[in-house]
Amino acid sequence: MNAIKRFGSAMIVPVLLFAFFGIVVGFATLFKNPNIMGDIANEGTMWFKIWSLIEAGGWTIFNHMELAFVIGLPISLAKKAQGRATLAALMIYLVFNNFVNAILTLWPKTFGVDLSKGVENVTGVKEIAGIATLDTSIIGAIFISAIVIWIHNRFYDKKLPEMVGIFQGLPFVVMIGFFIMIPIAFIVCAVWPSVQNGIASLQGVMLHSGFVGVWLFHFLERILIPTGLHHFIYTPFEYGPAVVNGGLKPYWIEHLADFSNSKKSLKELYPYGFLLQGNIKIFGCLGIALAMYASTPKENKKKVLALVLPAGLTAIFAGITEPLEFTFLFIAPYLFLIHALLGATMVTIMYLFGVVGIQGGGAIEIAAINWIPLFQNHGNTYIAQFIIGIIFVAIYFFVFKFIIEKFNVPLPGRVSDDGEAKLFTKADYKAKKGSEADTRLDNNASEYDTKAIYYLEGLGGKDNIKDVTNCATRLRVTVKDASLVKDNAYFTENQMAHGVAKSGTNVQVIVGLSVPQVRDSFETMI
């Protein structure tokens, strides 16, 4: 389970890039649409050429997703020399694809794939870095990268005899990977076409699962967030082969101009109701934030507003919900279950009213690749979406407010000043810690160094750290002795973190969007 969690968090490294590139392509599609921009956007104009240039750059990550994942995983999962592990993963992945190309060229009849017909004329193949090969999508990229990471972690420090010492380290890792790729390439050529047929069958099942599949997808995506396993729910749909080869997000963006110009219903053009969880982030989190504020005693409303406002805006506009959700998750887990149930139900109702698309992020991303380019011909669908969303804001508000007040949930601002949920100031913290804090939290240190020192102390010191990685918002650490890890109150003091989740020796510190910088400081200190 620890390996799965670490693997899921590592996939976030390349995934974080998709939002920016998706927004670029979305705006380029919008500004190239004559129906919206007028004659200035006609093909051949300077305006059209400029935005075509920008769009070409925006397609970079979608056209090279495999390389992004091959390179991204070692950054998080290699235990040492991450830069060299990244180079090894890239080279061995290219070796693997060259082997596949050679096998299919030499024995086309044996494996049933004839590359001589051209990549564009053969189903299930594509060109990766100029190499015609089987389209294993990000599954193949992740599989090969994982093998290389294992080789690197095991053999990078291997001491070789002096006469062949030049092959130590990176060359030795690549050499081992080179020869391992030969049998793996043969196995993939023999097995993957059958896997592709199975994926095609899965697509048929998902297409005919209707609203039940939509509800289950969004419920699991939300309820698994505390475990960090939600990546395995949405990633195969968004970037992998589930439902549509290549992933739903590239497919949606590729056809965005066609959808924009068509007067057919969006659901007819694009019948998939997955990846709509951004509506939970926008409308659900808004209702939760309002309920938390409204249920706070009058004397503490200003303090709670300072906590809830930035957390709510981060969820709504950026699509990062942990700062808000983890505020109540550890205090009242049943509220999170209600959140997942309400959110999945809201999205399913939206889907029944014709709402489809790529709406997994915050309002900025959703607007760029959904609302703005498509509103002219599909405005009624989005009006229905907002009406349903506002209704659920009210439902969220009244349900959460009732439960918080009925069961006196000890959220921030609802407990006495010496309670666990108190909002601390920096002065409070230093007064409590005294000279120790003044020594450990140097005023000249960066915010990231300060947090890293604080987390390291709370996790039992550097001798208690076995390994560390991160996802979009969490520092994920494996410790040697779980009893040395301090409780949730320690990590939330002075708003140093949004909380901590423990599962045996696996610990997740919910940091926020600055977690990559905090991790860099943390690793430097250990």
Side-chain angles (χ1 to χ4, degrees), residues 1-18 21 61-79 82 85-100 124-129 131 133-154 173-174 176-178 180-181 183-185 187-189 191-196 198-199 202 221 224 227-250 275 360 467 469-472 476:
M1 183 60 67
N2 182 36
I4 291 173
K5 289 179 179 179
R6 284 174 55 78
F7 208 79
S9 65
M11 289 198 296
I12 282 294
V13 175
V15 165
L16 287 174
L17 298 174
F18 282 87
F21 284 99
I61 196 154
F62 299 107
N63 292 334
H64 302 283
M65 285 194 300
E66 296 87 357
L67 297 179
F69 279 92
V70 164
I71 293 170
L73 294 183
I75 295 173
S76 290
L77 295 178
K79 295 181 179 179
Q82 288 89 349
T86 299
L87 178 58
L90 175 61
M91 295 310 301
I92 293 174
Y93 182 65
L94 295 178
V95 166
F96 162 76
N97 283 296
N98 274 311
F99 282 151
V100 171
V125 300
K126 72 177 299 185
E127 198 170 86
I128 296 176
I131 307 166
T133 183
L134 285 174
D135 184 6
T136 56
S137 188
I138 65 167
I139 292 179
I142 291 171
F143 177 65
I144 299 302
S145 189
I147 292 174
V148 178
I149 293 166
W150 180 83
I151 296 171
H152 176 87
N153 288 338
R154 188 175 180 88
V173 172
V174 173
I176 296 173
F178 181 95
I180 289 178
M181 287 303 110
I184 287 179
I187 293 171
V188 169
C189 289
V191 172
W192 189 252
S194 298
V195 174
Q196 289 176 320
I199 291 171
L202 174 63
E221 187 277 334
L224 289 175
T227 69
L229 300 179
H230 58 300
H231 307 305
F232 291 93
I233 298 298
Y234 70 79
T235 302
F237 287 81
E238 192 165 2
Y239 308 111
V243 183
V244 172
N245 286 331
L248 286 172
K249 188 166 189 176
L275 299 170
D467 56 54
T469 183
N470 68 277
C471 67
R476 296 167 179 254

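Side chains are part of it too, since the values below use all heavy atoms of this structure and drop only hydrogens, waters and symmetry mates.
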Peer 1: Side chains of V148 and P74, heavy atoms from C-beta outward: is any pair under 4.5 Å?
Peer 2: no
Peer 1: Applying side chain to side chain contact (heavy atoms under 4.5 Å, CB included) to N470 and R476, what does each step give before you reach the verdict?
Peer 2: CA-CA 5 Å; N470 68 277; R476 296 167 179 254; 5.9 Å; no
Peer 1: Look up atom CD1 in I128 and atom OG1 in T136, then write down how far apart they are to the nearest 0.5 Å.
Peer 2: 5.5 Å
Peer 1: Evaluate the criterion side chain to side chain contact (heavy atoms under 4.5 Å, CB included) for residue pair L134 and V188; output intermediate values, then yes/no.
Peer 2: CA-CA 9 Å; L134 285 174; V188 169; 4.1 Å; yes
Peer 1: Roughly how far apart are E66 CD and I71 CD1, rounded to 0.5 Å?
Peer 2: 11.5 Å
Peer 1: Has the side chain of T86 got a donor or acceptor atom that lies under 3.5 Å from a matching backbone atom of Q82?
Peer 2: yes
Peer 1: Do you know the tightest heavy-atom contact between G177 and I151?
Peer 2: CA-CD1, 3.9 Å
Peer 1: Check whether any side-chain heavy atom of K79 sits under 4.5 Å from a side-chain heavy atom of H152, and report yes or no.
Peer 2: no
Peer 1: Does V70 reach the side chain of I144, with side-chain heavy atoms less than 4.5 Å apart?
Peer 2: no
Peer 1: Check step by step if side chain to side chain contact (heavy atoms under 4.5 Å, CB included) holds for F178 and F99.
Peer 2: CA-CA 10 Å; F178 181 95; F99 282 151; 3.7 Å; yes
Peer 1: Using the rule given for side chain to side chain contact (heavy atoms under 4.5 Å, CB included), can you reason through W192 versus I139, listing the C-alpha separation, both sets of side-chain angles and the distance that settles it, and then say yes or no?
Peer 2: CA-CA 11 Å; W192 189 252; I139 292 179; 4.2 Å; yes
Peer 1: If every non-hydrogen atom of L94 is compared with every non-hydrogen atom of I131, which pair is closest and at what distance?
Peer 2: O-CD1, 3.9 Å
Peer 1: Less than 4.5 Å apart, side chain to side chain, heavy atoms only: is that true for L73 and I149?
Peer 2: yes
Peer 1: First locate atom OG of S145, then atom CG of L90, and finally report the distance between them rounded to the nearest 0.5 Å.
Peer 2: 10.0 Å
Peer 1: To the nearest 0.5 Å, how far apart are CG in L248 and OH in Y234?
Peer 2: 14.0 Å
Peer 1: Would you say the side chain of I138 lies within less than 4.5 Å of the side chain of F143, judging by non-hydrogen atoms?
Peer 2: no
Peer 1: Could you measure the distance from the CD1 atom of I92 to the CD1 atom of I147? Nearest 0.5 Å is fine.
Peer 2: 9.0 Å
Peer 1: Over all heavy atoms of both residues, which pair between E238 and L275 is shortest? Give the atoms and the distance, please.
Peer 2: CA-CD1, 3.7 Å
Peer 1: May I ask you to test the Y93-L67 pair for a side-chain heavy-atom distance under 4.5 Å?
Peer 2: yes
